[in-house]
2 protein chains.
Amino acid sequence: MTESNSFSRSSDIIFRFGLDPTLNRILVLTALSESDHPLRAKDVYEDLRQRHKLNRVTVYRILDLFAEKGVVSKISSGERSFCYCACFGRWLQGHCHFHCTRCGKVECIDKDLLPLDEEALKNRLSMDVQHIELRLDGVCTSCKAKGTTRAGARKPS
Amino acid sequence: MTESNSFSRSSDIIFRFGLDPTLNRILVLTALSESDHPLRAKDVYEDLRQRHKLNRVTVYRILDLFAEKGVVSKISSGERSFCYCACFGRWLQGHCHFHCTRCGKVECIDKDLLPLDEEALKNRLSMDVQHIELRLDGVCTSCKAKGTTRAGARKPS
DNA sequence: TGGGGGTATGCAATTCAGTTGCATCATACA
DNA sequence: TGTATGATGCAACTGAATTGCATACCCCCA
């Protein structure tokens, strides 16, 4: 998708969620949807500020608003901050996340890798379940590769 | 279990995890294991300080140490803090947590309510999965009851 | 009996993520 | 025009967690 397409698609989505598609909102959503992994508020802010003047607080407010309206999902990163994921409507179909404890990166895991029967779970509980969050913690493939090299048999000469 | 039993059992567990069972550590673990739900560092601290002089930082350090050694599990509360759960060895057998978005309380959910095939999940992923965290967010039964009363048909005369 | 090393703890200061209060700006609308 | 409403900026603040460093405690060995 070209940058301008992504921009207008974001605008469209914001509008369809009943919100005013202001420039800042469009930029925040575009940043999230162009990323292949969930982003922290700080990531979004630091990405955007390079091209556009906006306030840190504005980013937090927009992300909270999006999360509240269901435009994006707010997930725990496994660390001290939250992540925001613009995989539209993917959750509730079983989409979950992987958090690398070495590099801190959070990735999306596709729903068909998830043998979780969400409806059964909800039906068996007496409380109202509104949201299910499944997070895997471990070492990502890229960190694993680095780790193997560091401790492994072959060293660079 | 009596208080002294719980105390000596905590001491025993700490020892078996290869750690020195200092008074502070025993007290922290006892507080966690006597609670029917996971506690935040602050909860543990405020509970203990009523009976015993110790520092806030010490509590954080002990909880981190316990989590690192696997004595307790460190879970995301769904809010900005972490929770610690001393359900010994229950996780990896599928134990998960429920977080009430109204009162903030976190509860343990038993594994037989969890139709999640953890091994299948691990086998299908290329990364090393060390820990799986499943958290349900919603409204607990007690808040649900209050909510119904507040908005409901019958009011106290 | 005393000294040295290692670990646990205390205390103060700091970091970090997120939040709040309030001023201002832009837009819509009477 | 005037005014209401919502978005944004800015500064200050909060709460959770972390860091650095000093001290206390304990064990071992001379």
Side-chain angles (χ1 to χ4, degrees), chain A residues 10-11 14-15 17-32 38-49 51-69 71-85 99 101 104-106, chain B residues 10-11 14-15 17-31 38-49 51-69 71-85 99 101 104 106:
Chain A
S10 294
S11 168
I14 292 166
F15 181 78
F17 274 91
L19 297 171
D20 238 7
T22 66
L23 178 58
N24 286 338
R25 288 175 183 171
I26 295 170
L27 290 173
V28 167
L29 188 56
T30 302
L32 283 179
L39 299 175
R40 294 171 302 159
K42 196 190 169 193
D43 300 329
V44 174
Y45 173 58
E46 293 189 343
D47 176 29
L48 293 185
R49 73 192 295 209
R51 287 164 277 134
H52 172 70
K53 189 180 178 304
L54 89 172
N55 194 274
R56 203 170 58 92
V57 179
T58 303
V59 173
Y60 279 108
R61 284 198 272 233
I62 290 174
L63 288 171
D64 270 355
L65 179 69
F66 282 177
E68 188 197 319
K69 298 289 181 182
V71 185
V72 305
S73 57
K74 182 178 186 174
I75 58 172
S76 73
S77 69
E79 299 178 15
R80 281 173 61 188
S81 53
F82 291 102
C83 277
Y84 297 85
C85 181
H99 162 238
T101 53
K105 192 172 165 181
V106 177
Chain B
S10 295
S11 169
I14 292 167
F15 182 77
F17 274 93
L19 297 170
D20 237 8
T22 66
L23 178 58
N24 286 338
R25 288 176 183 169
I26 296 170
L27 290 173
V28 167
L29 188 56
T30 303
L39 300 175
R40 295 171 301 159
K42 195 190 170 192
D43 300 330
V44 174
Y45 174 59
E46 292 188 344
D47 177 27
L48 294 185
R49 73 193 295 208
R51 287 164 278 134
H52 172 71
K53 188 180 177 302
L54 90 171
N55 194 274
R56 207 168 52 91
V57 180
T58 302
V59 173
Y60 279 109
R61 285 199 272 234
I62 290 173
L63 289 170
D64 271 354
L65 179 69
F66 282 177
E68 188 197 318
K69 299 288 181 183
V71 186
V72 306
S73 58
K74 182 178 185 174
I75 58 172
S76 73
S77 69
E79 299 177 14
R80 280 175 59 191
S81 54
F82 290 102
C83 278
Y84 296 85
C85 180
H99 163 237
T101 53
V106 177

query: Do B/R80 side-chain and D/dA16 base share a donor-acceptor contact under 3.5 Å?
result: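 It does not, because no donor-acceptor pair links the side chain of B/R80 to the base of D/dA16 below 3.5 Å.
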
In this structure, how many angstroms lie between the [atom2] atom of [N] and the [atom1] atom of [X], rounded?
X	N	atom1	atom2	answer
A/L63	C/dA17	CG	P	14 Å
A/R49	D/dC10	CZ	P	12 Å
B/I26	C/dT9	CD1	C1'	15 Å
B/E46	D/dA17	CD	C1'	15 Å
B/F66	D/dA17	CZ	P	17 Å
B/H52	C/dG10	NE2	P	7 Å
A/L23	C/dT27	CG	C1'	15 Å
A/I75	C/dA17	CD1	C1'	16 Å

Within a strict 4.5 Å, meaning less than it, do heavy atoms of the [X] and [Y] side chains meet?
X	Y	value
B/K42	B/V59	no
B/Y45	B/T58	no
B/F66	B/K74	no

query: When we call it a touch if two heavy atoms are under 4.0 Å apart, what does A/R61 touch: a base, just sugar-phosphate, or nothing?
result: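 It contacts base atoms.
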
- prompt: Heavy atoms under 4.0 Å, any strand shown: does A/R56 hit a base, just sugar-phosphate, or nothing?
  reply: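 Counting heavy atoms under 4.0 Å across all strands, the contact made by A/R56 includes a base.
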
Just compare [options] and give me whichever is closest to any side-chain atom of [X].
X	options	value
B/F82	C/dG18, D/dA17, C/dC11	D/dA17
A/K42	D/dT18, D/dG9, C/dA17	C/dA17
A/Y60	C/dA17, D/dG9, D/dT8	C/dA17
B/V57	D/dT8, C/dT20, C/dA12	C/dA12

Think [X] has a side-chain N or O under 4.0 angstrom from the OP1 or OP2 of [N]?
X	N	answer
A/T58	D/dG9	yes
A/N55	D/dT8	no
B/T22	C/dT9	yes

message: Please find the pair of heavy atoms, one from B/A67 and one from B/Y84, that lie closest to each other, and give the distance.
response: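 Closest approach of B/A67 to B/Y84: CB-CE2, 4.5 Å.
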
- line: Nearest heavy-atom approach of B/S81 to B/R40 is OG-CD, 3.2 Å

task: Could you pick out which residue, B/L19 or B/K53, lies toward the 5' side of DNA chain C when each is mapped onto its nearest nucleotide?
output: B/L19

